[in-house]
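Have a look at the structure below before the remarks.
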Amino acid sequence: MASDGVPQRTGNNLDPWYANYAERAAGLAASEVRALFAVASRPEVVSLAGGMPYVSALPHELIVSSMEKVMRERGAVALQYGSGQGIPELREQILEVMAIEGIHGTVDNVVTATGSQQALDLVAKLFIDPGDVILAESPSYVGALGIFRSYQANVAHVATDEHGLIPEALRQTIAALRGQGRRIKFLYTIPNFHNPAGVTLSAERRPEILEICRSNEILVLEDNPYGLLHFDEPAPNALRSLDPEGVIYLGSFSKTLAPGFRVGWALAPHAIREKLILAAESAILSPSSFSQMVVSEYLATADWRAQIDTFRGVYRERKDAMIEALGEHLPQLSWTNPNGGFYVWVTMPDVLDSKQMLPRAVKELVAYTPGTAFFADGRGRHAMRLSFCYPTPEAIRLGVRRLATVVNGELDLLDTFAGTGTLQLPPTSGYESAPPSDLK
């Protein structure tokens with residue numbers, strides 16, 4: 001205890017500045033599986049773990065020509081600082097993109113960001129005080145959970161099923177938290193082709209979810225990076241289209257163009273928009289003018305709708321390969337069958353632990369993301385997320401076959417020792433708050 005009465009933390013041999021960190025830095029703990037993903041990046045390992053878009057399907061010559069034109073005609077502007085809100089021409093085009101999902105907004109209320117991940121962080125920065133509660137689906141996006149934890153929020157998971165977030169579960173969760181005197185700041189949801197579950201919130205439930213939040217004065221944060229990547233029927237219109245004043249909408253070009261540009265956006269109610277711009281300027285001064293201009297030029301010159309159709313075909317083929325391989329090699333498990341996006345959520349028997357099993361999987365030259373990464377409370381050890389977006393269909397089939405070797409080997413081992421007493425699995429710790437960089 002220091003003389004001024006303030007508790008003092010001490011440094012350690014590994015980090016002499018440990019005592020100087022803010023308390024919220026504790027939410028930036030390293031992922032327990034990061035080292036395994038470094039091993040999984042070897043070319044001989046089939047990675048079903050990371051949500052990386054298949055950018056090789058892009059028309060590279062058109063991308064190059066867009067870059068060249070920006071530099072040739074507007075290079076001095078592209079390489080300079082820009083507006084904290086983003087360039088107006090791109091914000092106009094973003095309105096055109098969102099209109100596909102029924103959203104009607106104004107250029108003034110669009111704020112571009114360095115990927116929608118930054119927009120998510122800015123919203124959290126504006127709204128979360130330590131101890132606040134954030135509502136999120138069960139399971140939820142690992143990158144969002146890391147942000148919420150870094151701002152010292154508590155996440156309350158709300159149950160989902162094959163039709164998405166369950167309205168009655170949302171009502172009960174809100175009532176229970178309010179009964180405990182807890183302060184709920186917003187509902188974070190990925191309604192379309194959910195990461196990691198792959199499910200889509202049904203059209204029937206969307207107005208009910210919004211009414212529950214509106215009646216309880218709870219803001220909705222709608223994260224929609226995958227909404228245009230449907231396989232058969234399009235997803236229902238965005239939540240934002242039904243409640244412009246109660247929903248902040250987050251979008252991104254990372255999945256429909258390329259993540260390397262790091263261009264995303266937020267569409268927010270007017271008052272929130274102003275604070276988002278101030279928060280963005282405080283954090284980065286302005287998003288990259290060059291990236292925004294290249295994306296804008298691409299949208300102006302390319303048939304970007306046709307390119308999204310191309311991506312849909314690529315991902316549909318890969319999803320079908322994964323579902324067929326799971327049915328052939330792991331019929332004893334259950335899984336979601338998404339109508340879009342990047343992910344299949346696999347549920348295993350209770351005796352298996354996906355985190356404990358991952359080192360064995362990497363040894364068999366296949367990687368996945370353990371289910372515990374997608375919960376704030378340590379749940380998910382009986383589940384895993386498989387990504388079908390990046391590997392070829394042939395690699396996916398090989399990866400699932402290798403995964404089946406691991407799963408069946410674990411089950412055989414447990415069955416062998418079943419008569420010798422209860423086999424106690426080691427307890428799992430909390431979720432990975434700082435995931436490997438490819439866990440998008």
Side-chain angles (χ1 to χ4, degrees), residues 33 46-52 136-145 155 157-166 169 188-202 205 223-227 229-231 235 255 315-316 318-350 352-358 361 366-391 396 399-400 403-404 406-407 428 431-432 435-436 438-440:
V33 296
V46 176
S47 178
L48 306 177
M52 297 178 292
E137 287 126 339
S138 175
S140 189
Y141 167 47
V142 60
L145 297 180
V155 174
H157 288 292
V158 182
T160 60
D161 59 18
E162 67 273 19
H163 303 297
L165 196 66
I166 301 172
Y188 172 74
T189 178
I190 308 171
N192 299 331
F193 319 127
H194 186 271
N195 177 8
V199 300
T200 295
L201 182 63
S202 67
R205 289 184 180 179
D223 197 356
N224 189 35
Y226 311 98
L229 296 175
H230 58 82
F231 301 148
K255 307 302 188 292
Y315 298 139
R316 180 190 292 111
R318 293 167 188 223
K319 188 269 293 194
D320 290 344
M322 179 169 284
I323 296 299
E324 290 168 6
L326 287 168
E328 178 180 356
H329 299 292
L330 287 166
Q332 71 273 41
L333 307 187
S334 61
W335 53 82
T336 56
N337 189 350
N339 183 41
F342 285 4
Y343 309 109
V344 170
W345 183 250
V346 178
T347 303
M348 304 185 298
D350 288 352
L352 295 181
D353 186 317
S354 60
K355 183 183 289 186
Q356 298 292 331
M357 201 170 67
L358 183 56
V366 63
Y368 58 83
T369 310
T372 49
F374 305 100
F375 291 88
D377 53 12
R379 283 183 286 165
R381 68 185 185 91
H382 310 313
M384 64 177 73
R385 188 191 75 175
L386 302 183
S387 302
F388 52 79
C389 46
Y390 191 77
I396 289 170
V400 173
L403 180 61
V406 177
V407 171
T428 59
Y431 72 95
E432 280 73 332
D438 70 341
L439 294 187
K440 302 300 181 189

Measuring from R385:CZ to N195:CG, what's the distance to the nearest 0.5 Å?
5.0 Å
Main-chain N/O of A383 paired to S354 side chain as donor or acceptor, under 3.5 Å
yes
Run the side chain to side chain contact (heavy atoms under 4.5 Å, CB included) test on T336 and E162 for me, step by step, so that the C-alpha distance in whole Å, both residues' side-chain angles and the decisive distance to 0.1 Å come before the verdict.
CA-CA 8 Å; T336 56; E162 67 273 19; over 6 Å; no
Given 3.5 Å as the limit, does a donor-acceptor pair link the side chain of H194 with the main chain of V199, or not?
no
Yes or no on side chain to side chain contact (heavy atoms under 4.5 Å, CB included) for V346 and L330, after CA distance, side-chain angles and deciding distance?
CA-CA 10 Å; V346 178; L330 287 166; over 6 Å; no
Donor-acceptor contact present, side-chain H157 to main-chain P139, <3.5 Å
no
To the nearest 0.5 Å, tell me how far R381 CZ sits from D353 CG.
5.0 Å
In a check of side chain to side chain contact (heavy atoms under 4.5 Å, CB included) between E137 and each of L201, I166, V158, T189, which one passes?
T189
About how many Å separate CG of N337 and CG of L326, when rounded to the nearest 0.5 Å?
9.5 Å
For L358 against P370, the heavy-atom pair lying closest together:
CD2-CG, 3.9 Å
Can you name the nearest heavy-atom pair linking V155 to A136, along with the distance?
CG1-CB, 4.0 Å
Does some side-chain heavy atom of M322 sit less than 4.5 Å from a side-chain heavy atom of L48?
yes
Please walk me through it: do S138 and R379 pass side chain to side chain contact (heavy atoms under 4.5 Å, CB included)?
CA-CA 9 Å; S138 175; R379 283 183 286 165; 3.6 Å; yes
Under the salt bridge (Lys or Arg N to Asp or Glu O under 4.0 Å) test, which residues partner D161, sequence neighbours left out?
R205
Step-by-step side chain to side chain contact (heavy atoms under 4.5 Å, CB included) determination, K255 to F342
CA-CA 9 Å; K255 307 302 188 292; F342 285 4; 3.4 Å; yes
Regarding K319 and N339, do their side chains bring together a donor and an acceptor under 3.5 Å, going by distance alone?
no
Shortest non-hydrogen contact between V142 and A373, atoms and distance
CG2-O, 3.3 Å
For the OG1 atom of T347 and the CH2 atom of W335, what is their distance to the nearest 0.5 Å?
10.5 Å
Separation of L403 CG from I396 CD1 (nearest 0.5 Å)
12.5 Å
Of the non-hydrogen atoms in L333 and P349, which two are nearest, and what is the gap between them?
CD2-CD, 3.4 Å
Please check this pair: side chain of T372 against backbone of G378, looking for a donor-acceptor N/O pair closer than 3.5 Å.
no
Name the residue from F388, F193, Y368, F374 that meets the ring pair (Phe, Tyr, Trp, His ring centres under 6.0 Å) definition with W345.
F374
Whether R318 side chain and Y390 backbone form a donor-acceptor pair below 3.5 Å
yes
Please report the closest heavy-atom contact between A49 and S387, naming both atoms and the distance.
O-OG, 3.2 Å
List the atom of P391, the atom of S47, and the distance in Å for their closest heavy-atom pair.
CG-O, 3.4 Å
